[in-house]
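What follows is a short report on a single structure.
What's counted below: heavy atoms across the whole structure, side chains too, no hydrogens, waters or symmetry copies.
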Protein chains: 2
Amino acid sequence: MTRAQRPMRADAQRNRQRVLRTAAEVFAAEGLSVPVHEIARRAGVGTGTVSRHFPTKESLYAAVLLDRMGQLSGYADSLAAEDDLGTAFFALFGRLVREGAAHRGLAEALAGSGFDIEAAASSAGCNVSDRLRRLLSEAQDAGAVDPGVTFADIKALMAGCLAYDGPDPDRVIDVISRGLRVPG
Amino acid sequence: MTRAQRPMRADAQRNRQRVLRTAAEVFAAEGLSVPVHEIARRAGVGTGTVSRHFPTKESLYAAVLLDRMGQLSGYADSLAAEDDLGTAFFALFGRLVREGAAHRGLAEALAGSGFDIEAAASSAGCNVSDRLRRLLSEAQDAGAVDPGVTFADIKALMAGCLAYDGPDPDRVIDVISRGLRVPG
DNA sequence: GTTCAACCGGGATGACGATCCCGATTATTC
DNA sequence: GAATAATCGGGATCGTCATCCCGGTTGAAC
């Protein structure tokens with residue numbers, strides 16, 4: 001147990017954020033194979049700076065992904081105030097799909113290297129997965145979602161949707177949402 | 001205009017097939033980043049043999065993808081005999097999703113390098129896309145599919161489904177199929 | 001059975017990119 | 001404002017891989 005380390009120097013913190021944001025944009029726009037060197041260039045820092053904050057490229061992937069999950073977690077919290085549970089569920093589902101499209105590759109790359117995303121996320125205090133699970137069962141109790149649908153189905157559908165990165169994601173989400181509602 | 005070239009030597013043809021099949025399996029199982037060297041090793045040939053048949057790795061991607069599209073095209077043909085147009089449509093849709101999961105990455109990689117998959121496929125005489133489009137409109141005329149759904153929606157849904165590579169693809173396909181049917 | 005062009009294996013080559021390192025710089029503390 | 005420890009930039013290093021090449025081999029034709 002070492003003493004609580006002193007806070008990061010201001011410029012270091014700034015650079016870290018800058019790299020993280022740049023990386024998120026660049027990965028989303030051009031894929032994960034963009035060289036670290038290029039991310040450093042666009043962020044306006046040296047490659048050494050990137051390396052220091054994120055010792056491997058993989059750790060940069062993880063940081064970008066966790067950062068995004070934190071944001072989504074905030075959105076999930078904001079839905080707690082929603083009265084209509086069906087609306088809340090479909091809102092979160094839709095948002096996850098829309099926002100997640102760009103990050104599917106990240107999740108794949110990390111999973112492929114034995115990085116446990118869910119564990120890391122929940123230890124970071126943002127378990128989007130649990131919130132969605134709870135919303136699903138509440139929405140089912142409220143009669144807004146087909147009770148035959150399982151959480152695994154939802155995850156699978158999302159995994160699918162996350163890949164879609166074309167125009168009109170709303171139409172896709174609509175069709176799927178329709179499939180999830182109570183039949184009849 | 002050169003004279004029609006003489007047929008490939010028997011061993012060359014055999015090796016080409018062997019590489020193509022091995023590549024399809026390996027890509028599906030371990031992703032596109034597997035080294036060409038490794039594919040050659042598993043196929044039991046030298047790297048030079050792979051290079052000769054497929055001068056670049058990208059051309060290997062294309063060959064694997066077109067090969068698979070040819071097979072799917074054959075399946076689409078076999079559905080021509082089906083009486084129930086709704087059944088035929090959902091059969092092709094489901095099959096495309098199930099079989100396609102492993103090949104999404106291929107399509108992405110090629111699209112990213114300006115390779116026109118649809119054009120290549122149709123010039124190879126196997127336009128799965130057109131067949132699906134026709135089946136959709138026939139199934140809609142027959143009252144089996146919601147007439148409000150467009151072909152673009154279908155392509156989008158497929159793009160999404162293609163990403164899903166987990167257990168129970170059938171449940172996912174069921175939910176989506178339910179969303180596509182005529183509203184009750 | 002002989003000839004020859006096509007084909008084979010796998011090592012050599014070169015490019016690219018992640019990571020490490022170190023002298024220069026700058027934020028923080030007193 | 002001086003001291004110092006954290007940070008910075010970007011070049012050096014090392015591996016990995018796609019691609020090329022060439023001496024040896026084999027199928028095909030006569």
Side-chain angles (χ1 to χ4, degrees), chain A residues 2-24 26-27 29-65 105-106 109-110 112-115, chain B residues 2-24 26-27 29-65 105-106 109-110 112-115:
Chain A
T2 64
R3 267 194 62 208
Q5 54 201 349
R6 82 172 71 184
M8 224 184 267
R9 234 169 69 173
D11 56 343
Q13 207 155 358
R14 214 168 30 241
N15 277 330
R16 198 193 136 89
Q17 277 305 107
R18 203 200 299 259
V19 169
L20 201 55
R21 219 170 308 150
T22 305
V26 173
F27 286 154
E30 309 181 22
L32 301 182
S33 61
V34 174
V36 170
H37 164 83
E38 175 65 14
I39 291 168
R41 196 185 63 76
R42 295 206 204 181
V45 302
T47 61
T49 301
V50 176
S51 272
R52 200 168 327 104
H53 288 297
F54 310 99
T56 68
K57 191 173 190 182
E58 202 169 81
S59 71
L60 181 56
Y61 290 164
V64 168
L65 189 57
L106 283 175
L110 288 169
S113 319
F115 176 87
Chain B
T2 66
R3 267 194 64 207
Q5 57 201 347
R6 79 173 72 186
M8 226 185 265
R9 237 170 64 174
D11 55 345
Q13 207 154 1
R14 215 169 28 242
N15 277 331
R16 198 195 134 89
Q17 276 305 107
R18 204 199 299 257
V19 169
L20 201 55
R21 221 170 306 151
T22 304
V26 173
F27 286 154
E30 308 181 24
L32 301 182
S33 61
V34 174
V36 170
H37 164 85
E38 175 65 15
I39 290 169
R41 197 186 62 76
R42 295 205 204 180
V45 302
T47 61
T49 301
V50 176
S51 272
R52 201 169 323 104
H53 288 298
F54 309 99
T56 68
K57 192 172 190 183
E58 201 169 84
S59 72
L60 180 57
Y61 290 165
V64 168
L65 188 58
L106 284 175
L110 288 170
S113 317
F115 177 87

side-chain contact (heavy atoms from CB on, under 4.5 Å) assessment of V19(B) paired with H53(B): CA-CA 9 Å; V19(B) 169; H53(B) 288 298; 5.6 Å; no
Residue pair L60(B), F27(B): steps toward the side-chain contact (heavy atoms from CB on, under 4.5 Å) verdict: CA-CA 11 Å; L60(B) 180 57; F27(B) 286 154; 4.1 Å; yes
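Side-chain to base pairing of R9(B) with dA28(D): no donor and acceptor N or O lie closer than 3.5 Å to each other. Taking 3.5 Å as the limit, the base of dG9(C) and the side chain of T47(B) contain no donor-acceptor pair of atoms between them.
Comparing L32(A) and M8(B), the nucleotide of DNA chain C nearest to each residue sits closer to the 5' end for M8(B). Residue whose closest nucleotide on DNA chain D sits further toward the 5' end, between G44(A) and T49(B): G44(A).
In this structure, N15(A) places its CG atom 11 Å from P of dA27(C), rounding to the nearest Å. Note: CZ (R14(A)) to P (dG9(D)) measures 11 Å, nearest angstrom. With rounding to whole Å, K57(B) atom NZ is found 9 Å from dT19(D) atom P. If you take CG of L60(A) and P of dG17(C), they are 16 Å apart, rounded to a whole angstrom. Distance E38(B) CD to dG10(C) C1': 15 Å, rounded to the nearest Å. As a whole-Å value, the separation of I39(A) CD1 from dG17(C) C1' is 12 Å. As rounded to whole Å, 14 Å separates atom C1' of dA6(C) from atom CD of Q13(B). In this structure, H37(A) places its NE2 atom 12 Å from P of dC16(C), rounding to the nearest Å.
With dA18(C), dC20(C), dC17(D) as the choices, the nucleotide that has an atom nearest any side-chain atom of P35(B) turns out to be dC17(D). Minimum atom distance to the side chain of A12(A) is reached by dC8(D), of the listed dC7(C), dT19(C), dC8(D). Closest contact between the side chain of S51(B) and the listed nucleotides dC20(C), dA27(C), dT19(D) involves dT19(D). Distance from the side chain of R52(B) is smallest to dC8(C) among dC8(C), dA27(C), dG11(C). Candidate nucleotides dA18(D), dC8(C), dA27(C) were compared by shortest atom distance to the side chain of V36(B), and dA18(D) ranks first.
An OP1 or OP2 oxygen of dT7(D) is reached within less than 4.0 angstrom by no side-chain nitrogen or oxygen of H53(A).
The two atoms that bring A62(B) and L110(B) nearest to each other are CA-CD1, 3.6 Å, heavy atoms only. A pairwise comparison of heavy atoms in L32(A) and K57(A) identifies O-NZ, 2.9 Å as the closest pair. Here the shortest heavy-atom pairing between A63(B) and F54(B) reads CB-CE2, 3.5 Å.
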